[in-house]
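FYI, side chains are in, hydrogens and waters are out, and symmetry mates aren't considered; it's all heavy atoms of this structure. Given the structure is predicted, the values throughout are model-derived calculations rather than measurements.
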Amino acid sequence: MRSVVRIRRCLPRLACCAALLFALTSSSAQIGYIAFDDTPNDAVPRVMDPGADTPFDPQAHRLIDLRQLKAGAWTPNDPQTDLFAGSFTVGGPFLRLELVLNHLVNPPGNVDPLAFDPFRYGDHPVYGFVEIDMDNDIWTGGELDAPHYRYLGNIARFGGRVLRAAFGNRMATREADFDGNFLTPPFVERHGEEFHLALFGWQFGYGDIEEVTGDGDGMFEEGETWDIIGPFFHRAHGFEMFSFVEGGGVPGEYAPDSHLRFRHDPAGDVTILSLVFPMTNVGAGLMHGEPPEPSNQDPTDHASVQEALDDLADSASFVIAYPTGLPEEDIIVDWAERISADHLDPADWSITVLLGTSHTQPDPSGVYFVWTDAYPDVVSGDVNGNGAWTERDAQLIAQYITHHDAHDGVQDGVVTIEEFASDFSMYDVNYDGLVSDLDVSRIFRDGDSDRDGDVDLMDVAGFQTCFSRGGSGGMPCAPLDLVVDNRVDCEDVGAFIDALTGPANGPR
């Protein structure tokens, strides 16, 4: 079985290497970090709740918009007193991970329906995951229990296929792709991550918060800097059942306390989230003012990325010697005999980001978010994953409509997604719960009837015209049917008023 598995993996790994982080910049890697710029001002709401009816107010709680991701080896000036003052250095003993977000963004509060308090620290909380594949091997590492909260489980909601070939064939294109099995395609559960940064809400109440600069009112505001300690930086949960690690909430869990800084920069009107965590055992010792400990599979004393990866190698060797027979062991066995030091250079890592905000009220059926931005981006309407929207994509969406039109019992040129938005489709480019000609043409129901990148007085005139005619269907009225009932009438007025932006400088 092992030889068959390894042969099966050869070609995907070669493809993975060939596509290795196309956005890497060699100049930044030479000074200890890599940086990725995300498309600015591209945040869009992508709900995931059953029925798509849980209240959400984008006017009061802004869409989280990623500007830049940075990861590198870091050397603090004084690791015992301030982890965040220092410099990126090749081979530095710490990891520094940074997210730059547009405007003021707050630490997240709890979104559990039984303790719902998302706006505890401000009106604009950020939620999501940064997933890091440290060995750049998509076959090792993953998330079996909750992949529907991760990048591969949600990127199709943004209306396109991932350019990176390995991910494009693994992303969920519909809810049925979540089968809870590591060994069956499309392998949504097998992102390949070894570690992730989780912005999930509950950890912030658990940890200590120090207002480095602020007015002490417990709300994160413009110009403030907060340092927060909590279990934000986790090793992938898929390893836990095979790991020797002890001391976590469950056997095998590697989730020690880590240090996260929120800093709002008024000059650039951006919020910078910075995580600093020991990369090596030497770094863990420096942080505690003690000699470095050997890797001991105990994250409650000295914890580091190196120690967590050492445990993977030991655990994998044990699994090979004493196989469990469980299919999940397939994500760890290739770590046998690997050397952790070979995987501590961020320039060799593959990183994905999925970010969002909260609904204004809890959904009693579970925890749901409003996803708003992701990295790497997809091109809206690019369903074949070639990096551009072309006539071929329009043909593929039209073919999807033809093949699925009658599944809802009505032959009308529209495919209705049942149980939207817990279910979804990559072919629903404008994310209105329907796959129709609007998706073929990439027409969004956003109030921008003249497609000039804003919702202004010209669109008000268009709304008046369509309203008087009860207009719907194609352009220019389709973008004004904001409640998606094939009419432009009183039901659309409130949503249109909310969509008004005034004139913009250019297309969005």
Verify salt bridge (charged side-chain N to carboxylate O under 4.0 Å, His left out) between Arg263 and Glu224, making sure each step is shown before the conclusion.
CA-CA 6 Å; Arg263 179 174 68 87; Glu224 295 193 351; over 6 Å; no

Hey, would you say the His359 and Tyr368 ring centroids sit under 6.0 Å apart?
no

Would you please indicate yes or no on a ring centroid separation below 6.0 angstrom for Phe36 and Tyr375?
yes

Classify the ring geometry of Phe119 against His61: parallel below 30°, tilted from 30° to 60°, perpendicular beyond 60°.
parallel

Suppose we call two aromatic rings close when their centres sit under 6.0 Å apart. Are His302 and His288 close by that rule?
yes

Do the side chains of Glu193 and Arg150 get close enough for a salt bridge, i.e. N-O under 4.0 angstrom?
yes

In terms of heavy-atom contacts, Val105 and Thr271 come closest through N-OG1, 2.9 Å

Would the Tyr149 and Phe129 ring centres measure less than 6.0 Å apart?
no

May I ask you to decide if the ring planes of Tyr127 and Phe369 are parallel, tilted or perpendicular, using 30° and 60° as cut-offs?
tilted

Looking at Glu221, I'd like to know if its CD atom is crowded, meaning that more than 12 non-hydrogen atoms belonging to other residues, nucleotides or ligands lie closer than 6.0 Å.
yes

I'd like to know whether the aromatic ring centres of Tyr121 and Phe262 sit less than 6.0 Å apart in this structure.
no

Going by the salt bridge (Lys or Arg N to Asp or Glu O under 4.0 Å) test, name the single residue among Asp135, Asp311, Asp314 that passes it with Arg338.
Asp135

